[in-house]
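A quick write-up on the structure given underneath.
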Amino acid sequence: MTTAIRVRALANLALVKYFGKRDARLNLPAGPSLSLTLEPLETVSELSLDASLDADEVWLADAPASPSFTERVTKLLDIVRQAAGDGRRARLKTRNSFPTAAGLASSASGMAALALAACKAYGLELSSDELSALARRGSGSAARSVCGGIVAWYEGVEEDGRDSIARTLLEPGQWDLRVVVGLAASGPKEIGSTVAMERTRTTSPYYGAWLRAVHQDFEDALAAVGNKDFTALGEIAERSALSMHAAALAARPGIAFWNAATVSALHLCRSLRKSGVEAYFTCDAGPQPKFLVRPEHQPQACQALRELPGIEGVIECHLGKGALLLP
Ligand code: ADP
Ligand code: DP6
């Protein structure tokens, strides 16, 4: 058995959402997206190769992972094994510091961590662009978690996806943005993002309009980041999330990720804004509301969200680094 490679990667929160693929096998997005890599939403993974194993062995938080979880890990490892010409199976021990499969992007941190660990373990030397493209194969949003800070994921035009990669726009220290995550339910969501976005793409009459909006939102968000214009970025983030959920709600059958606490949180966010706490609402493929705030407004936003009925807890986040090896 080889010595274990230890890595850490953070989840990310899209301000301009990725929701629809142009190629499902390669996880190529139909549009660009823009995200924040968030401390302290972390995955820590340990990977070792073991020639005596017949199949990959995967542990999530000290318990054997489900067959579907393990299968997704094996799919990414197979890509690395083929590229490295090394068929040895692996043992993965991984842990997320936040609820798994609940709309907090565990697939992003988990697959970014796995991609980095696998490259090191199998001896593949990849550039950061290539690592982002590899992580993307595990989960689209994982392409972004390879990078730290404020991140853009370009859709790319190449058929093989080599230019569909994410890059840092601003490092964590360059703009202090904060996110307050509300836990509106900790169990796994009813429908995964992969299935939800494919159903939306194939059945929602609003999908075309959503996609057109994404391209404009991305251009506007790049400008907002360039100018460090918090208000502009917040408005784009809120409208991108609402448009994504509108497209999903219109799918057939409709996909409703929100629960009552999510809806209350949207209204709370708007009333905070009226009272001078400049918070913007966003939400992913799950019920957890997230507020984008300036550092000085974080305590008030946090307290208000914590006190909202149906919110079981909050996680205070700030910008963090991309995936990295641990000693
Ligand atoms: P989320 O909203 O948390 O991203 P998804 O349903 O989109 O939920 O993704 C959950 C899937 O991501 C899991 O079933 C598993 O395949 C993968 N995943 C989650 N955590 C990890 C991890 N630590 N290591 C590897 N893969 C992970
Ligand atoms: C709503 O990256 O989880 O969080 O590529 O199928 O693994 P797959 O989907 P995933 O989808 C993320 C969707 C989202 C929006 C976003 O993060 O951009």
Side-chain angles (χ1 to χ4, degrees), residues 7-38 41-47 56 58-61 65-77 90 92-118 135-145 151-153 164 166 186-201 210 214 217-218 237 240-241 243-245 247-248 255 257 282-288 290 323:
V7 301
R8 175 178 197 259
L10 298 173
N12 69 76
L13 169 67
L15 300 183
V16 176
K17 305 293 187 193
Y18 147 58
F19 206 68
K21 306 184 192 202
R22 66 183 160 90
D23 183 318
R25 190 180 68 84
L26 297 174
N27 277 341
L28 297 179
S33 57
L34 186 140
S35 63
L36 310 179
T37 299
L38 291 181
L41 303 178
E42 70 166 14
T43 294
V44 173
S45 297
E46 246 182 64
L47 188 78
D56 298 315
V58 182
W59 297 79
L60 175 64
S66 68
S68 62
F69 191 110
T70 303
E71 198 184 309
R72 215 163 146 177
V73 168
T74 289
K75 249 173 92 181
L76 190 67
L77 289 175
L92 174 71
K93 292 183 183 169
T94 187
R95 185 180 292 281
N96 300 323
S97 70
F98 57 94
T100 299
L104 292 175
S106 68
S107 63
S109 52
M111 288 297 170
L114 180 64
L116 177 59
R136 191 198 71 230
R137 299 289 300 273
S139 177
S141 53
R144 301 186 307 236
S145 274
V151 176
W153 174 17
S164 182
S186 52
K189 56 202 181 193
E190 279 162 31
I191 175 168
S193 4
T194 310
V195 173
M197 71 174 80
E198 194 54 11
R199 189 193 297 167
T200 302
R201 184 182 72 79
W210 149 251
V214 168
D217 286 346
F218 182 71
S240 178
S243 310
M244 180 200 107
H245 286 276
I255 301 160
F257 289 115
T282 182
C283 182
D284 291 286
Q288 332 293 357
K290 291 135 190 174

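Just so you know, ligand 1 is whichever comes first in the structure, and atom 1 is the first atom listed for that ligand.
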Any chance you could measure [X], atom [atom1], to [Y], atom [atom2], to the nearest 0.5 Å?
{"X": "F69", "Y": "S107", "atom1": "CZ", "atom2": "OG", "value": "10.0 Å"}
{"X": "Q288", "Y": "L104", "atom1": "CD", "atom2": "CG", "value": "4.5 Å"}
{"X": "S45", "Y": "K93", "atom1": "OG", "atom2": "NZ", "value": "12.0 Å"}

Answer with side chain, backbone, both or neither: which part of P99 has a heavy atom less than 4.0 angstrom from an atom of ligand 1? neither
Indicate, as side chain, backbone, both or neither, the part of L104 found under 4.0 angstrom from ligand 1 when only non-hydrogen atoms are considered. backbone
Are [X] and ligand 1 in contact, using a heavy-atom cut-off of under 4.0 Å?
{"X": "G103", "value": "yes"}
{"X": "L114", "value": "no"}
{"X": "A105", "value": "yes"}
{"X": "A285", "value": "no"}

Is there side-chain contact between [X] and [Y], with at least one heavy-atom pair below 4.5 Å?
{"X": "S193", "Y": "D284", "value": "no"}
{"X": "L15", "Y": "D217", "value": "no"}
{"X": "N12", "Y": "W153", "value": "no"}
{"X": "T43", "Y": "R8", "value": "no"}

Look at the side chain of [X] and the backbone N and O of [Y], then say whether any donor-acceptor pair between them is shorter than 3.5 Å.
{"X": "W210", "Y": "G20", "value": "no"}
{"X": "D23", "Y": "L28", "value": "no"}
{"X": "S109", "Y": "A9", "value": "no"}

For ligand 1, find out whether one of its N or O atoms is nearer than 3.5 Å to an N or O atom of [X].
{"X": "R95", "answer": "no"}
{"X": "S107", "answer": "yes"}
{"X": "S68", "answer": "no"}
{"X": "A101", "answer": "yes"}
{"X": "T100", "answer": "no"}

[atom]: nearest protein contact (heavy atom, Å):
{"atom": "atom 13 (C) of ligand 1", "result": "F69 CD1, 3.7 Å"}
{"atom": "atom 11 (C) of ligand 1", "result": "R72 NH1, 3.8 Å"}
{"atom": "atom 20 (N) of ligand 1", "result": "N96 ND2, 3.1 Å"}
{"atom": "atom 5 (P) of ligand 1", "result": "K189 NZ, 3.7 Å"}

I would like to know whether K21 and T194 meet side-chain contact (heavy atoms from CB on, under 4.5 Å); could you show each step before the answer? CA-CA 9 Å; K21 306 184 192 202; T194 310; 3.8 Å; yes
Which atoms of ligand 1 are found less than 4.0 Å from any heavy atom of G110? 21 (C), 22 (C), 23 (N), 24 (N), 25 (C)
Under 4.0 Å to a heavy atom of T94 - the qualifying atoms of ligand 1, by number: 22 (C), 23 (N), 24 (N)
Which residues satisfy the side chain to side chain donor-acceptor pair (under 3.5 Å) test with [X], sequence neighbours excluded?
{"X": "T37", "result": "none"}
{"X": "T200", "result": "none"}
{"X": "E198", "result": "R201"}

Would you mind finding which of S193, S106, A108, A117 brings a heavy atom closest to atom 19 (C) of ligand 1? S106
Measure and list all N/O to N/O distances between ligand 2 and the protein that fall under 3.5 angstrom.
unit_1   : atom_1 : unit_2 : atom_2 : d
ligand 2 : 2 (O)  : S139   : OG     : 3.1
ligand 2 : 2 (O)  : S141   : N      : 2.9
ligand 2 : 2 (O)  : S141   : OG     : 2.6
ligand 2 : 3 (O)  : S107   : OG     : 3.3
ligand 2 : 3 (O)  : S193   : OG     : 3.0
ligand 2 : 4 (O)  : D284   : OD1    : 3.3
ligand 2 : 5 (O)  : Y18    : OH     : 2.6
ligand 2 : 5 (O)  : K21    : NZ     : 3.4
ligand 2 : 5 (O)  : G140   : N      : 2.6
ligand 2 : 6 (O)  : K21    : NZ     : 2.6
ligand 2 : 6 (O)  : T194   : OG1    : 2.7
ligand 2 : 7 (O)  : R72    : NH2    : 3.0
ligand 2 : 7 (O)  : S139   : OG     : 2.7
ligand 2 : 17 (O) : R144   : NH2    : 2.7
ligand 2 : 18 (O) : Y18    : N      : 2.8
ligand 2 : 18 (O) : R144   : NH1    : 3.0
ligand 2 : 18 (O) : R144   : NH2    : 3.2

Any donor-acceptor N or O pair under 3.5 Å, side chains T282, K17: yes
